[in-house]
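Right, I'll just put the structure down here and ask away after.
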Amino acid sequence: MARYTGPKNRLARRENTDLGMKTPGSKSHAGLLRRLNVPPGQHGQKGRRKISGYGTQLREKQKAKHFYGVLEKQFHSYFNMALKFKGNTGEALLRKLERRLDNVLYRLALTPTRASARQFITHGHVLVNNQKLSIPSYQVEINDVITFKPKGLEIPAVKKILEDKNPPLPAWLIRQGVVGKIVRMPERTEMEPAINEQLIVEYYSR
């Protein structure tokens with residue numbers, strides 16, 4: 001499937017938000033944080049133009065897509081599935097995004113970024129319930145157990161991030177060593193706080 005392969009810093013500066021695309025603590029991440037408030041492009045230093053209500057909704061949708069590394073067709077599909085759930089459509093949408101296997105691997109602090117999580121999954125390094133699963137968009141379920149194959153544990157980026165023995169985790173996940181488990185569905189306060197899901201619902205409902 002096609003995926004954005006351009007400069008990651010450009011996307012983050014466009015949304016004026018750290019999208020989690022750079023490994024925390026790296027030089028590139030530090031450089032991004034220094035220039036996060038400067039829009040990309042030749043005239044970035046001149047600041048940001050005021051945008052319309054529609055433009056605000058569009059930017060929020062784009063930001064959510066970039067956060068989770070999802071392209072438009074799949075993102076719209078998630079929204080249509082969220083419409084079928086009773087209750088808050090925006091929260092249902094975020095819950096679908098949070099339950100992607102690549103995001104769960106990232107939330108378990110088993111990978112430094114969602115992009116690296118996708119790469120490890122597609123290369124066959126990840127096990128779900130002791131079965132190799134190479135689909136980043138797989139929707140994890142309660143009691144699913146996630147870990148790496150032995151070969152995956154030798155990846156330098158994985159070895160480095162596992163040096164932190166007690167990483168902060170959302171309460172819907174637990175982890176012992178390199179084994180993570182889904183104990184319940186995530187609540188809104190445990191999902192991405194930088195996203196205003198209501199603006200996304202308004203965008204698709206216009």
Minimal heavy-atom distance between Glu60 and Ala194, with the atoms involved, is OE2-O, 3.6 Å

Could you tell me which non-hydrogen atom of Asn103 sits nearest to which non-hydrogen atom of Leu97, and how far apart they are?
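Shortest heavy-atom separation between Asn103 and Leu97 comes out as CB-O, 3.8 Å.
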
Pick one: which of Tyr78, Tyr68, Tyr106 meets side chain to side chain donor-acceptor pair (under 3.5 Å) with Arg100?
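Exactly one candidate clears the test, Tyr78.
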
Would you kindly confirm whether Phe85 and Met185 end up in one hydrophobic cluster when ILVMFWY residues are joined by side chain heavy atoms under 4.5 Å apart?
no

Spacing of Ile174 atom CD1 and Leu108 atom CG [to the nearest 0.5 Å]:
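Interatomic distance, Ile174 CD1 to Leu108 CG, rounded to 0.5 Å: 9.5 Å.
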
Please list, one pair per line, the donor and acceptor atoms closer than 3.5 Å that link side chains of residues 145-165 to other protein atoms, with sequence neighbours excluded.
| unit_1 | atom_1 | unit_2 | atom_2 | d |
| --- | --- | --- | --- | --- |
| Thr147 | OG1 | Val178 | O | 2.8 |
| Asp164 | OD1 | Asn166 | N | 3.2 |

Side-chain (Arg206) to main-chain (Gln57) donor-acceptor, under 3.5 angstrom:
no

Atom pair CG/CG of Leu83 and Leu93 - distance to nearest 0.5 Å
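These two atoms lie 9.0 Å from each other.
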
Nearest 0.5 angstrom please: Ser116 OG to Asp102 CG, how far?
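Reported value, rounded in 0.5 Å steps: 9.5 Å.
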
Sequence-distant partners of Phe75, ring pair (Phe, Tyr, Trp, His ring centres under 6.0 Å), two or more places apart
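Checked Phe75 against ring pair (Phe, Tyr, Trp, His ring centres under 6.0 Å); zero matches.
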
Check ring pair (Phe, Tyr, Trp, His ring centres under 6.0 Å) between His123 and all other residues, then give those that pass, not counting sequence neighbours.
none

Run the salt bridge (Lys or Arg N to Asp or Glu O under 4.0 Å) test against Glu202 and tell me which residues pass, sequence neighbours left out.
none

Look at the side-chain heavy atoms of Ile, Leu, Val, Met, Phe, Trp and Tyr, link any pair under 4.5 Å apart, and say whether Phe67 and Val201 land in one connected group.
yes

Spatial distance of atom CG (Asn143) from atom CZ (Arg184) [nearest 0.5 Å]
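Spacing of CG (Asn143) from CZ (Arg184) equals 13.0 Å.
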
Taking Glu192 first and then Lys63, would you say they form a salt bridge - that is, a charged N and a carboxylate O separated by under 4.0 Å?
no

Which atom names give the shortest non-hydrogen contact between Gln139 and Asp144, and what distance separates them?
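Between these two residues, the closest heavy atoms are O-OD2, 4.5 Å.
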
How close do Lys132 and Gly124 get, heavy atom to heavy atom, and via which atoms?
CD-O, 3.5 Å

Counterpart residues, side-chain contact (heavy atoms from CB on, under 4.5 Å), relative to Asn88 (two or more places apart)
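Expected list: Glu91.
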
Over all atoms of both residues, closest heavy-atom pair of Val183 and Ala171
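For Val183 and Ala171, the tightest heavy-atom pair comes out as CG2-O, 3.7 Å.
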
With rounding to the nearest 0.5 angstrom, report the CD1 to CD1 distance, Ile195 to Ile200.
6.0 Å

Taking only residues two or more places apart in sequence or in another chain, which ones pass salt bridge (Lys or Arg N to Asp or Glu O under 4.0 Å) with Lys61?
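Once residues adjacent in sequence are excluded, the partners of Lys61 under the salt bridge (Lys or Arg N to Asp or Glu O under 4.0 Å) criterion are Glu72.
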
Val70 and Leu133: same hydrophobic cluster, using ILVMFWY side-chain contacts below 4.5 Å?
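No; Leu133 is not reachable from Val70 via cluster members.
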
Report whether Met191 and Trp172 are members of the same hydrophobic cluster (ILVMFWY, side-chain heavy atoms less than 4.5 Å apart, transitive linking).
no

Rounded to the nearest 0.5 Å, how far does CZ of Arg59 lie from OH of Tyr54?
10.5 Å

Tell me whether the rings of His76 and Tyr204 are parallel (<30°), tilted (30 to 60°) or perpendicular (>60°).
parallel

Check for a donor-acceptor pair, side chain of Glu190 on one end and backbone N or O of Glu187 on the other, with a separation under 3.5 Å.
yes

Minimum-distance pair of heavy atoms, taken over all atoms of Arg95 and Pro186:
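Here Arg95 and Pro186 meet closest at NE-O, 2.9 Å.
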
Mind checking whether Met81 and Tyr203 sit in one hydrophobic cluster, side chains of I, L, V, M, F, W, Y counted as touching below 4.5 Å?
yes

